[in-house]
Amino acid sequence: MSHVIQGERVTMPVRIRDAAVASAMFAVPAAPAQTLIDYSGLRVATPIPGPARPTRRRAICSLAFIRYADGDLGPYHEFAVAFLVRPPDGGPIGAFIHWLPVNQAFTLDAGRTIWGFPKEIADIPIDLASRIKRCAVRFGGRTALELAVKPGLPMPGGAAAPKVDAYSCLDGITRRTPWTMSPSGVRLRPGGARLTLGDHPVADELRGLGLHGARALSSSTVAHLAMEFADATEVRR
């Protein structure tokens, strides 16, 4: 299977041979998180029960920035806002990609065309060389958000899950994409992330979840990450 993007043929699965990642996971109120992703038809997972009342249950919001150094879609930067979700068929918990700005046009077109990922063009400066990893997402010089991730402790090889289903919803179509990962140089710690929200609709959404200045559940960095993305399948239209 292949796709033609901007006159170039992209053969499936798409392979990323080297990327570097910094990420943080936050507990957020499940009810507003569900309202935020209702357009997808998916349900947020609530692995953290609230005290006594179901209305206090917590969902998981993941924020990540990635520098793609070598892959089939070329080099680029990306920022992801995702939520853990329960798939409609009752399978393993997956990741719903709610927002996915990138800084290159080819990966924008490929992501939207092949997988229905909600990509848009932004300026995404990333610093992964310093002790504290930093990223910003900007539109026309205006900062939407900034994320800083402190270093953690080294984890043994294979600590991260090698496979996960990524879900997306674009133009009213919800899709599932098998996603395989092979990480090395993983560091993990509790807390360790600082999110600053600026001027953008997604920043307002995250602010509505209580994330401005919130303490992360955990944060991590991956020095080298290889990945494969298979073709997407529709799960809801």
Side-chain angles (χ1 to χ4, degrees), residues 10-27 45 47 60-85 87 91-104 107 110-111 114-115 117 119 124-135 137 147-168 176-195 216-232:
V10 177
T11 301
M12 307 303 292
V14 165
R15 291 180 170 87
I16 307 300
R17 288 168 287 279
D18 188 32
V21 184
S23 64
M25 298 180 69
F26 296 86
I60 300 298
C61 177
S62 174
L63 308 179
F65 51 94
I66 309 100
R67 180 182 64 204
Y68 292 84
D70 180 16
D72 292 350
L73 304 182
Y76 63 98
H77 293 176
E78 180 177 86
F79 191 93
V81 174
F83 294 87
L84 295 187
V85 294
I93 288 176
F96 175 69
I97 312 300
H98 176 61
W99 191 51
L100 200 65
V102 295
N103 70 341
Q104 297 295 327
T107 186
I114 300 172
W115 303 288
F117 285 143
K119 293 190 176 185
I124 310 176
I126 288 177
D127 177 10
L128 289 168
S130 301
R131 178 177 175 273
I132 297 179
K133 317 305 180 186
R134 300 181 185 275
C135 174
V137 180
L147 181 63
V149 176
K150 296 179 180 179
L153 297 176
M155 294 289 104
K163 294 182 180 180
V164 68
D165 283 336
Y167 292 85
S168 61
R176 173 169 42 204
T177 298
W179 174 22
T180 303
M181 296 173 282
S182 180
S184 63
V186 178
R187 289 179 173 267
L188 179 68
R189 61 168 292 161
R194 179 177 178 83
L195 173 67
L217 287 175
S218 64
S219 56
S220 64
T221 58
V222 182
H224 299 284
L225 179 62
M227 296 181 278
E228 285 191 4
F229 294 89
D231 258 312

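Small disclaimer: the values here were computed from a predicted structure and weren't measured. Only heavy atoms go into these numbers, but all of them, side chains included; no hydrogens, no water, no symmetry mates.
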Heavy-atom pair of closest approach, residues [X] and [Y]:
X: Ala24; Y: Ala216; answer: CB-CB, 4.2 Å
X: Gly191; Y: Ser219; answer: O-OG, 2.7 Å
X: Ala27; Y: Ile60; answer: CA-CD1, 4.4 Å
X: Pro101; Y: Ile124; answer: O-CD1, 3.4 Å

Restricting to ring pair (Phe, Tyr, Trp, His ring centres under 6.0 Å), what partner residues turn up for Phe65, sequence neighbours left out?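 Ring pair (Phe, Tyr, Trp, His ring centres under 6.0 Å) check on Phe65 returns nothing, list empty.
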Under the rule for ring pair (Phe, Tyr, Trp, His ring centres under 6.0 Å), what residues qualify as partners of Phe26, not counting sequence neighbours?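 Testing Phe26 for ring pair (Phe, Tyr, Trp, His ring centres under 6.0 Å), a comparison that skips the adjacent residues, returns none.
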Who pairs with [X] by side chain to side chain contact (heavy atoms under 4.5 Å, CB included), at least two apart in sequence or on another chain?
X: Ala80; result: Leu100
X: Pro154; result: Arg187
X: Ala45; result: Pro47, Leu84, Arg86, Ile93
X: Ile114; result: His3, Ile5, Val10, Met12, Ala110, Asp231

Does the Asn103 side chain pair with the main chain of His77, one donor and one acceptor, at a distance under 3.5 Å?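 Yes, because the side chain of Asn103 sits within donor-acceptor range (under 3.5 Å) of the backbone of His77.
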Donor-acceptor pair, Lys133 side chain versus Leu128 backbone, under 3.5 Å?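 Yes, the answer is positive, given that a donor and an acceptor are paired below the 3.5 Å cut-off.
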Just jot down the side chain to side chain donor-acceptor pair (under 3.5 Å) partners of Thr11, sequence neighbours excluded, or say none.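 Result, side chain to side chain donor-acceptor pair (under 3.5 Å) vs Thr11: none returned.
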Considering only distance and modelled atom types, tabulate donor-acceptor pairs under 3.5 Å from the side chains of residues 176-184, sequence neighbours left out.
unit_1: Arg176; atom_1: NH1; unit_2: Asp89; atom_2: OD2; d: 3.2
unit_1: Arg176; atom_1: NH1; unit_2: Tyr167; atom_2: OH; d: 3.0

Quick one: CG on Leu63 to CG on Leu195, what's the gap to the nearest 0.5 Å?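 It comes to 6.0 Å.
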Just so I know, are the side chains of [X] and [Y] near enough to count as touching, which here means a heavy-atom distance under 4.5 Å?
X: Ile66; Y: Tyr76; result: no
X: Phe117; Y: Ser168; result: yes
X: Tyr68; Y: Leu73; result: no

Can you give each donor-acceptor pair under 3.5 Å made by side-chain atoms of residues 220-228, sequence neighbours left out, with the distance rounded to 0.1 Å?
unit_1: Ser220; atom_1: OG; unit_2: Ser23; atom_2: OG; d: 2.9
unit_1: His224; atom_1: ND1; unit_2: Asp18; atom_2: OD1; d: 3.0
unit_1: Glu228; atom_1: OE2; unit_2: Arg15; atom_2: NE; d: 3.0

Carefully, step by step, assess Phe96 and Phe83 under the rule ring-ring contact (aromatic ring centres under 6.0 Å, His included). CA-CA 5 Å; Phe96 175 69; Phe83 294 87; 7.5 Å; no
Candidate pair Phe229 and Ile16, rule side-chain contact (heavy atoms from CB on, under 4.5 Å), full reasoning: CA-CA 8 Å; Phe229 294 89; Ile16 307 300; 4.1 Å; yes
Just grab all the salt bridge (Lys or Arg N to Asp or Glu O under 4.0 Å) pairs involving residues 71-81, residues at least two apart or on different chains.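 Of all non-adjacent pairs touching residues 71-81, those that pass salt bridge (Lys or Arg N to Asp or Glu O under 4.0 Å) are Arg17-Asp72, Glu78-Lys119.
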Should the heavy atoms of other residues, nucleotides or ligands under 6.0 Å from CZ of Arg194 be counted, would the total exceed 12?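 No, because the 6.0 Å sphere around CZ of Arg194 holds 12 heavy atoms or fewer from other groups.
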